Amino acid sequence: MPLSGDQLRALTNEPVPNHMKHRWFCLGGTPAYLFVVQIVTGILLAIYYQPSSGTAYESIQHITDDVAFGWYFRSLHKWAATLMVASVILHQMRVYFTAAYRKPREVNWMIGMCLLLCTLGLGFTGYSLVFEQLSYWGATVGGNILNTVPGLGDPLKKMLLAGDVYNEQTLPRFFILHAAILPATMILLILVHILLIRLHGVTELRFEDDPSGPDHFNFFPDHFYTELILGLTLMIVLSALATIFPAAMGPKADPLITPDVIKPEWFFYVTFRWLKLFGPTFAVLSMGFIVCAMFIWPWIDGWLRKVTGTEEVSTYIGIVAVLVIIALTVWEAAVAH
Ligand code: HEM
(Lines give C-alpha, C1' and ligand atoms only; values in the text may rest on other atoms or scores of the structure.)
Protein backbone atom coordinates (compact mmCIF):
# COMPACT_ATOMS: atom_id res chain seq x y z
CA MET A 1 0.00 0.00 0.00
CA PRO A 2 1.54 3.32 -1.00
CA LEU A 3 0.42 4.83 2.32
CA SER A 4 2.62 5.41 5.35
CA GLY A 5 1.43 5.11 8.97
CA ASP A 6 1.73 8.89 9.35
CA GLN A 7 -0.40 9.50 6.27
CA LEU A 8 -3.01 7.04 7.51
CA ARG A 9 -3.09 8.75 10.93
CA ALA A 10 -3.46 12.14 9.27
CA LEU A 11 -6.37 10.83 7.18
CA THR A 12 -8.28 9.36 10.11
CA ASN A 13 -7.27 11.76 12.85
CA GLU A 14 -9.88 14.43 12.40
CA PRO A 15 -9.72 16.90 15.30
CA VAL A 16 -13.04 16.51 17.16
CA PRO A 17 -14.48 19.53 19.02
CA ASN A 18 -14.78 19.18 22.81
CA HIS A 19 -18.60 19.34 22.83
CA MET A 20 -18.64 15.89 21.16
CA LYS A 21 -17.68 14.47 24.57
CA HIS A 22 -21.35 14.99 25.47
CA ARG A 23 -23.22 11.87 24.30
CA TRP A 24 -26.24 13.79 22.94
CA PHE A 25 -23.99 15.57 20.50
CA CYS A 26 -22.48 12.52 18.84
CA LEU A 27 -25.69 10.55 18.33
CA GLY A 28 -25.03 10.16 14.59
CA GLY A 29 -22.73 7.20 15.26
CA THR A 30 -25.58 5.22 16.87
CA PRO A 31 -27.78 4.76 13.76
CA ALA A 32 -24.59 4.01 11.77
CA TYR A 33 -23.72 1.24 14.23
CA LEU A 34 -27.29 -0.12 14.30
CA PHE A 35 -27.39 -0.11 10.50
CA VAL A 36 -24.41 -2.49 10.49
CA VAL A 37 -26.24 -4.73 13.01
CA GLN A 38 -29.26 -4.69 10.65
CA ILE A 39 -27.16 -5.70 7.63
CA VAL A 40 -25.52 -8.61 9.49
CA THR A 41 -28.70 -9.94 11.16
CA GLY A 42 -30.72 -9.25 7.97
CA ILE A 43 -28.34 -11.40 5.88
CA LEU A 44 -28.65 -14.21 8.45
CA LEU A 45 -32.46 -14.02 8.32
CA ALA A 46 -32.47 -13.89 4.49
CA ILE A 47 -30.74 -17.30 4.42
CA TYR A 48 -33.98 -18.88 5.68
CA TYR A 49 -36.66 -16.36 4.72
CA GLN A 50 -38.83 -17.20 1.68
CA PRO A 51 -40.43 -14.08 0.20
CA SER A 52 -43.77 -15.25 -1.18
CA SER A 53 -47.26 -15.09 0.31
CA GLY A 54 -47.42 -18.89 0.33
CA THR A 55 -44.19 -19.39 2.29
CA ALA A 56 -43.18 -16.18 4.13
CA TYR A 57 -45.13 -16.75 7.35
CA GLU A 58 -44.06 -20.41 7.65
CA SER A 59 -40.42 -19.54 6.96
CA ILE A 60 -40.43 -16.96 9.78
CA GLN A 61 -42.08 -19.50 12.06
CA HIS A 62 -39.28 -21.93 11.13
CA ILE A 63 -36.63 -19.26 11.91
CA THR A 64 -38.29 -18.51 15.26
CA ASP A 65 -38.97 -22.06 16.42
CA ASP A 66 -36.44 -24.41 14.74
CA VAL A 67 -33.33 -22.65 13.42
CA ALA A 68 -30.48 -22.49 15.98
CA PHE A 69 -30.55 -19.01 17.53
CA GLY A 70 -33.04 -17.96 14.83
CA TRP A 71 -35.32 -16.37 17.47
CA TYR A 72 -32.34 -14.43 18.81
CA PHE A 73 -31.20 -12.95 15.50
CA ARG A 74 -34.79 -12.19 14.49
CA SER A 75 -35.35 -10.39 17.80
CA LEU A 76 -32.04 -8.50 17.47
CA HIS A 77 -33.14 -7.37 13.99
CA LYS A 78 -36.48 -6.17 15.31
CA TRP A 79 -35.09 -4.31 18.33
CA ALA A 80 -32.20 -2.77 16.37
CA ALA A 81 -34.81 -1.44 13.89
CA THR A 82 -36.73 0.20 16.72
CA LEU A 83 -33.60 1.71 18.27
CA MET A 84 -32.37 2.84 14.85
CA VAL A 85 -35.56 4.81 14.16
CA ALA A 86 -35.40 6.30 17.67
CA SER A 87 -31.73 7.27 17.34
CA VAL A 88 -32.19 8.80 13.86
CA ILE A 89 -35.05 10.94 15.25
CA LEU A 90 -32.97 12.00 18.31
CA HIS A 91 -29.94 12.77 16.11
CA GLN A 92 -32.10 14.86 13.78
CA MET A 93 -33.54 16.72 16.80
CA ARG A 94 -30.04 17.45 18.08
CA VAL A 95 -29.03 18.77 14.65
CA TYR A 96 -32.23 20.83 14.44
CA PHE A 97 -32.09 22.41 17.90
CA THR A 98 -28.41 23.31 17.59
CA ALA A 99 -29.13 24.77 14.11
CA ALA A 100 -26.30 22.61 12.75
CA TYR A 101 -28.11 22.52 9.36
CA ARG A 102 -27.18 26.13 8.63
CA LYS A 103 -24.70 27.20 5.96
CA PRO A 104 -22.59 25.35 4.73
CA ARG A 105 -24.42 22.18 5.84
CA GLU A 106 -27.75 22.62 3.99
CA VAL A 107 -27.10 19.81 1.53
CA ASN A 108 -26.04 17.46 4.31
CA TRP A 109 -29.34 18.21 6.08
CA MET A 110 -31.13 17.16 2.86
CA ILE A 111 -29.05 13.97 2.67
CA GLY A 112 -30.11 13.43 6.31
CA MET A 113 -33.78 13.83 5.32
CA CYS A 114 -33.29 11.14 2.64
CA LEU A 115 -31.74 8.92 5.35
CA LEU A 116 -34.77 9.51 7.58
CA LEU A 117 -37.18 8.55 4.77
CA CYS A 118 -35.12 5.44 3.91
CA THR A 119 -35.09 4.41 7.60
CA LEU A 120 -38.88 4.76 7.80
CA GLY A 121 -39.21 2.92 4.46
CA LEU A 122 -37.14 0.04 5.84
CA GLY A 123 -39.41 -0.05 8.91
CA PHE A 124 -42.58 -0.13 6.79
CA THR A 125 -41.39 -2.78 4.33
CA GLY A 126 -39.87 -4.93 7.11
CA TYR A 127 -43.15 -4.97 9.02
CA SER A 128 -44.88 -6.27 5.88
CA LEU A 129 -42.50 -9.21 5.34
CA VAL A 130 -43.81 -11.31 8.25
CA PHE A 131 -47.12 -11.78 6.37
CA GLU A 132 -49.16 -11.74 9.55
CA GLN A 133 -52.57 -10.04 9.64
CA LEU A 134 -51.16 -6.62 10.48
CA SER A 135 -48.45 -6.91 7.77
CA TYR A 136 -51.08 -7.63 5.12
CA TRP A 137 -53.55 -4.98 6.23
CA GLY A 138 -50.80 -2.43 6.94
CA ALA A 139 -49.58 -2.80 3.33
CA THR A 140 -53.16 -2.61 2.02
CA VAL A 141 -53.83 0.57 4.04
CA GLY A 142 -50.47 1.99 2.81
CA GLY A 143 -51.55 1.35 -0.81
CA ASN A 144 -54.95 2.97 -0.20
CA ILE A 145 -53.31 6.04 1.36
CA LEU A 146 -51.04 6.44 -1.68
CA ASN A 147 -54.10 6.12 -3.90
CA THR A 148 -55.46 9.39 -2.49
CA VAL A 149 -52.55 11.47 -3.88
CA PRO A 150 -54.28 13.65 -6.50
CA GLY A 151 -53.23 12.80 -10.05
CA LEU A 152 -50.52 10.29 -9.08
CA GLY A 153 -52.50 8.05 -6.70
CA ASP A 154 -53.18 5.14 -9.03
CA PRO A 155 -49.62 4.68 -10.40
CA LEU A 156 -48.11 5.13 -6.91
CA LYS A 157 -50.38 2.46 -5.44
CA LYS A 158 -49.63 0.11 -8.37
CA MET A 159 -45.91 0.68 -7.89
CA LEU A 160 -46.10 -0.20 -4.21
CA LEU A 161 -48.48 -3.18 -4.38
CA ALA A 162 -47.40 -4.43 -7.85
CA GLY A 163 -51.06 -4.25 -8.90
CA ASP A 164 -54.41 -2.78 -7.91
CA VAL A 165 -54.61 -4.86 -4.75
CA TYR A 166 -52.26 -7.01 -2.63
CA ASN A 167 -51.30 -10.00 -4.83
CA GLU A 168 -48.64 -12.69 -5.36
CA GLN A 169 -46.12 -10.08 -6.57
CA THR A 170 -46.52 -7.73 -3.60
CA LEU A 171 -44.41 -9.53 -1.02
CA PRO A 172 -41.43 -10.13 -3.38
CA ARG A 173 -41.59 -6.41 -4.21
CA PHE A 174 -41.47 -5.46 -0.54
CA PHE A 175 -38.57 -7.85 -0.04
CA ILE A 176 -36.52 -6.32 -2.88
CA LEU A 177 -37.19 -2.86 -1.47
CA HIS A 178 -36.33 -3.97 2.08
CA ALA A 179 -33.28 -6.12 1.39
CA ALA A 180 -31.72 -4.49 -1.69
CA ILE A 181 -32.93 -1.10 -2.91
CA LEU A 182 -33.31 0.75 0.42
CA PRO A 183 -30.13 -0.64 2.12
CA ALA A 184 -28.02 0.05 -1.00
CA THR A 185 -29.42 3.59 -1.19
CA MET A 186 -28.70 4.04 2.51
CA ILE A 187 -25.09 2.88 2.18
CA LEU A 188 -24.54 5.48 -0.55
CA LEU A 189 -26.30 8.20 1.45
CA ILE A 190 -24.33 7.43 4.64
CA LEU A 191 -21.05 7.58 2.67
CA VAL A 192 -21.94 11.00 1.24
CA HIS A 193 -23.20 12.15 4.68
CA ILE A 194 -19.90 11.20 6.36
CA LEU A 195 -17.85 12.62 3.47
CA LEU A 196 -19.61 15.98 3.86
CA ILE A 197 -19.11 15.87 7.65
CA ARG A 198 -15.39 15.32 7.03
CA LEU A 199 -15.29 18.19 4.55
CA HIS A 200 -17.17 20.67 6.81
CA GLY A 201 -16.21 19.30 10.22
CA VAL A 202 -19.05 19.26 12.76
CA THR A 203 -20.57 22.53 13.93
CA GLU A 204 -18.50 23.78 16.87
CA LEU A 205 -20.58 24.40 20.00
CA ARG A 206 -19.50 26.05 23.25
CA PHE A 207 -20.76 25.28 26.76
CA GLU A 208 -20.37 27.41 29.86
CA ASP A 209 -18.72 24.57 31.79
CA ASP A 210 -16.20 23.81 29.02
CA PRO A 211 -12.77 23.13 30.57
CA SER A 212 -10.00 25.52 29.63
CA GLY A 213 -7.32 24.06 27.38
CA PRO A 214 -7.40 22.80 23.80
CA ASP A 215 -10.76 23.09 21.95
CA HIS A 216 -10.32 19.75 20.19
CA PHE A 217 -9.31 16.18 20.87
CA ASN A 218 -8.15 13.41 18.52
CA PHE A 219 -10.56 11.17 16.65
CA PHE A 220 -8.19 8.26 17.23
CA PRO A 221 -8.05 6.87 19.86
CA ASP A 222 -10.24 9.21 22.00
CA HIS A 223 -13.44 9.43 19.96
CA PHE A 224 -12.93 5.98 18.48
CA TYR A 225 -13.02 4.48 22.01
CA THR A 226 -16.13 6.52 22.91
CA GLU A 227 -17.90 5.05 19.87
CA LEU A 228 -16.54 1.57 20.63
CA ILE A 229 -17.90 1.69 24.19
CA LEU A 230 -21.23 2.98 22.86
CA GLY A 231 -21.35 0.11 20.34
CA LEU A 232 -20.60 -2.51 23.00
CA THR A 233 -23.18 -1.03 25.38
CA LEU A 234 -25.75 -1.07 22.56
CA MET A 235 -24.93 -4.72 21.87
CA ILE A 236 -25.62 -5.59 25.53
CA VAL A 237 -28.86 -3.57 25.54
CA LEU A 238 -29.97 -5.18 22.25
CA SER A 239 -29.10 -8.64 23.47
CA ALA A 240 -31.03 -8.10 26.73
CA LEU A 241 -34.09 -6.73 24.90
CA ALA A 242 -34.01 -9.60 22.38
CA THR A 243 -33.84 -12.17 25.20
CA ILE A 244 -36.37 -10.61 27.56
CA PHE A 245 -38.83 -9.44 24.88
CA PRO A 246 -38.28 -11.78 21.89
CA ALA A 247 -40.07 -11.04 18.60
CA ALA A 248 -43.45 -12.78 18.52
CA MET A 249 -45.82 -13.58 15.61
CA GLY A 250 -49.44 -12.55 15.15
CA PRO A 251 -52.01 -14.62 13.25
CA LYS A 252 -51.24 -15.35 9.57
CA ALA A 253 -52.55 -12.88 6.97
CA ASP A 254 -56.12 -13.55 5.85
CA PRO A 255 -57.44 -11.30 3.06
CA LEU A 256 -61.01 -12.22 4.01
CA ILE A 257 -60.85 -11.10 7.66
CA THR A 258 -60.23 -7.42 8.39
CA PRO A 259 -58.78 -7.13 11.92
CA ASP A 260 -60.77 -5.01 14.40
CA VAL A 261 -57.76 -2.84 15.11
CA ILE A 262 -55.12 -2.04 12.46
CA LYS A 263 -52.04 -0.35 13.89
CA PRO A 264 -48.74 0.42 12.19
CA GLU A 265 -45.39 0.46 14.03
CA TRP A 266 -45.09 3.16 16.77
CA PHE A 267 -43.10 5.51 14.53
CA PHE A 268 -46.06 5.79 12.14
CA TYR A 269 -48.59 6.49 14.93
CA VAL A 270 -48.29 10.22 14.35
CA THR A 271 -49.15 9.95 10.62
CA PHE A 272 -51.91 7.44 11.33
CA ARG A 273 -53.57 9.80 13.86
CA TRP A 274 -53.14 12.68 11.41
CA LEU A 275 -54.95 10.61 8.76
CA LYS A 276 -57.81 9.84 11.12
CA LEU A 277 -58.11 13.49 12.11
CA PHE A 278 -58.08 15.08 8.67
CA GLY A 279 -59.18 12.38 6.19
CA PRO A 280 -56.91 10.83 3.55
CA THR A 281 -56.66 13.52 0.84
CA PHE A 282 -55.96 16.49 3.11
CA ALA A 283 -53.72 14.41 5.39
CA VAL A 284 -51.60 13.09 2.49
CA LEU A 285 -51.26 16.53 0.88
CA SER A 286 -50.41 18.25 4.17
CA MET A 287 -47.88 15.55 5.10
CA GLY A 288 -46.28 15.91 1.65
CA PHE A 289 -46.11 19.65 2.24
CA ILE A 290 -44.53 19.19 5.72
CA VAL A 291 -41.90 16.76 4.39
CA CYS A 292 -41.02 19.19 1.54
CA ALA A 293 -40.75 22.04 4.09
CA MET A 294 -38.45 19.87 6.25
CA PHE A 295 -36.22 19.23 3.21
CA ILE A 296 -35.73 22.94 2.53
CA TRP A 297 -35.78 23.96 6.22
CA PRO A 298 -32.26 25.53 6.18
CA TRP A 299 -33.54 28.13 3.68
CA ILE A 300 -36.93 28.59 5.38
CA ASP A 301 -35.01 29.17 8.64
CA GLY A 302 -32.82 31.81 6.95
CA TRP A 303 -35.92 33.58 5.61
CA LEU A 304 -37.73 33.42 8.99
CA ARG A 305 -34.70 34.87 10.79
CA LYS A 306 -34.53 37.74 8.31
CA VAL A 307 -38.27 38.49 8.50
CA THR A 308 -38.63 38.23 12.30
CA GLY A 309 -35.18 39.54 13.23
CA THR A 310 -34.75 36.79 15.88
CA GLU A 311 -32.41 33.81 15.88
CA GLU A 312 -34.67 31.55 17.97
CA VAL A 313 -37.74 31.34 15.76
CA SER A 314 -36.81 27.82 14.52
CA THR A 315 -36.38 26.67 18.11
CA TYR A 316 -39.94 27.74 19.00
CA ILE A 317 -41.36 26.07 15.87
CA GLY A 318 -39.33 22.94 16.71
CA ILE A 319 -40.66 22.81 20.28
CA VAL A 320 -44.28 23.09 19.04
CA ALA A 321 -43.62 20.40 16.38
CA VAL A 322 -42.08 17.99 18.91
CA LEU A 323 -44.99 18.50 21.35
CA VAL A 324 -47.55 17.90 18.56
CA ILE A 325 -45.71 14.74 17.44
CA ILE A 326 -45.56 13.39 21.02
CA ALA A 327 -49.24 14.26 21.65
CA LEU A 328 -50.45 12.56 18.43
CA THR A 329 -48.26 9.49 19.08
CA VAL A 330 -49.52 9.09 22.66
CA TRP A 331 -53.12 9.64 21.52
CA GLU A 332 -52.83 6.94 18.82
CA ALA A 333 -51.15 4.56 21.30
CA ALA A 334 -53.84 5.10 23.92
CA VAL A 335 -56.95 4.40 21.83
CA ALA A 336 -58.01 1.41 19.73
CA HIS A 337 -59.53 3.40 16.83
C1 HEM B 1 -28.87 6.59 9.23
C2 HEM B 1 -29.00 7.85 9.57
C3 HEM B 1 -27.87 8.81 9.94
C4 HEM B 1 -26.55 8.57 10.22
C5 HEM B 1 -25.83 7.23 10.25
C6 HEM B 1 -25.93 9.84 10.52
C7 HEM B 1 -24.60 10.02 10.91
C8 HEM B 1 -24.05 11.23 11.33
C9 HEM B 1 -22.80 11.40 12.06
C10 HEM B 1 -21.85 10.26 12.47
C11 HEM B 1 -22.64 12.73 12.28
C12 HEM B 1 -21.45 13.39 13.06
C13 HEM B 1 -21.93 14.20 14.27
C14 HEM B 1 -22.90 13.51 15.19
O15 HEM B 1 -22.67 12.33 15.53
O16 HEM B 1 -23.92 14.16 15.55
C17 HEM B 1 -23.76 13.41 11.65
C18 HEM B 1 -23.92 14.79 11.58
C19 HEM B 1 -24.96 15.43 10.90
N20 HEM B 1 -26.13 14.83 10.49
FE21 HEM B 1 -26.50 12.86 10.45
N22 HEM B 1 -26.86 10.83 10.35
C23 HEM B 1 -28.07 10.24 10.02
C24 HEM B 1 -29.28 10.88 9.82
C25 HEM B 1 -29.44 12.27 9.76
C26 HEM B 1 -30.70 12.95 9.64
C27 HEM B 1 -32.06 12.28 9.60
C28 HEM B 1 -30.41 14.29 9.55
C29 HEM B 1 -31.34 15.45 9.37
C30 HEM B 1 -32.36 15.48 8.56
C31 HEM B 1 -28.96 14.45 9.63
C32 HEM B 1 -28.25 15.64 9.51
C33 HEM B 1 -26.94 15.82 9.93
C34 HEM B 1 -26.23 17.08 9.92
C35 HEM B 1 -26.72 18.42 9.34
C36 HEM B 1 -24.98 16.83 10.53
C37 HEM B 1 -23.87 17.85 10.81
C38 HEM B 1 -24.04 18.23 12.27
C39 HEM B 1 -23.03 19.22 12.78
O40 HEM B 1 -22.35 19.85 11.97
O41 HEM B 1 -22.95 19.36 14.02
N42 HEM B 1 -28.41 13.20 9.80
N43 HEM B 1 -24.62 12.47 11.10
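No hydrogens, no waters, no symmetry mates; every other heavy atom, side chains included, goes into these values. Quantities reported herein were computed from a predicted structural model and do not represent experimental measurements. One-based numbering along the sequence shown. Read the numbers this way: they start at 1 and go in the same order the structure lists the ligands and their atoms.
When the heavy-atom distances from atom 40 (O) of ligand 1 to Thr203, Thr119, Ile197 are ranked, the shortest goes to Thr203. One option in His91, Met20, His223, Glu204 has a heavy atom closer to atom 25 (C) of ligand 1 than any other, and that option is His91. When Gly112, Cys26, Cys114, Ala32 are checked for heavy-atom proximity to atom 28 (C) of ligand 1, Gly112 turns out nearest. Closest to atom 3 (C) of ligand 1 by heavy atom, among Leu27, Val36, Leu115, Thr30, is Leu115. Taking all heavy atoms of His193, Gln92, Met110 into account, the minimum distance to atom 31 (C) of ligand 1 is reached by His193.
Under 4.0 Å is where a charged nitrogen must lie from a carboxylate oxygen, and between Asp222 and Lys21 no such pair does. Salt bridge annotation for Lys157-Asp154: absent, with no cationic side-chain nitrogen under 4.0 angstrom from a carboxylate oxygen. For Arg102 and Glu311, the salt-bridge test passes: some basic side-chain N is under 4.0 Å from an acidic carboxylate O. The residues Lys252 and Glu132 are annotated as not salt-bridged, no charged nitrogen and carboxylate oxygen being separated by less than 4.0 angstrom.
In summary, of the residues considered (Phe295, Trp109, Trp299), a ring pair (Phe, Tyr, Trp, His ring centres under 6.0 Å) with Tyr101 occurs for Trp109 alone.
Residues Asn18 and Pro214 approach most closely at ND2-O, 2.8 Å, considering heavy atoms. The minimum heavy-atom distance between Ala248 and Arg74, with the atom names listed, is O-NH2, 2.8 Å.
Distance from atom 13 (C) of ligand 1 to its nearest protein heavy atom, with residue and atom name: Val202 CG1, 3.7 Å. Atom 36 (C) of ligand 1 has as its closest protein heavy atom Val95 CG2, 4.1 Å.
At least one heavy atom of Met186 sits closer than 4.0 Å to an atom of ligand 1. Ligand 1 lies out of reach of Tyr96, whose nearest heavy atom is not under 4.0 Å from it. Within the 4.0 Å heavy-atom shell around ligand 1 one finds Trp109.
Taking the six-membered ring where tryptophan is involved, the planes of Phe25 and His19 are perpendicular, since the angle between them exceeds 60° and thus also 30°.
Annotation: Arg105 places an N or O atom under 3.5 Å from an N or O atom of ligand 1; distance criterion only. Considering backbone and side-chain atoms alike, Arg94 places an N or O below 3.5 Å from some N or O of ligand 1. Considering backbone and side-chain atoms alike, Gly28 places an N or O below 3.5 Å from some N or O of ligand 1.
For the pair Arg273 and Trp331, the cation-pi criterion (under 6.0 Å, within 45° of the ring axis) is fulfilled.
Set against the non-hydrogen atoms of Gly29, the atoms of ligand 1 under 4.0 Å away are 10 (C), 15 (O). Applying the 4.0 Å criterion to heavy atoms of Phe25 picks out, from ligand 1, the atoms 14 (C), 16 (O). The distance from ligand 1 to the heavy atoms of Val88 drops below 4.0 Å at these ligand atoms: 2 (C), 27 (C).
Judged purely by distance below 3.5 Å, without hydrogens or angles, the side chains of Glu227 and His223 pair a donor atom with an acceptor atom.
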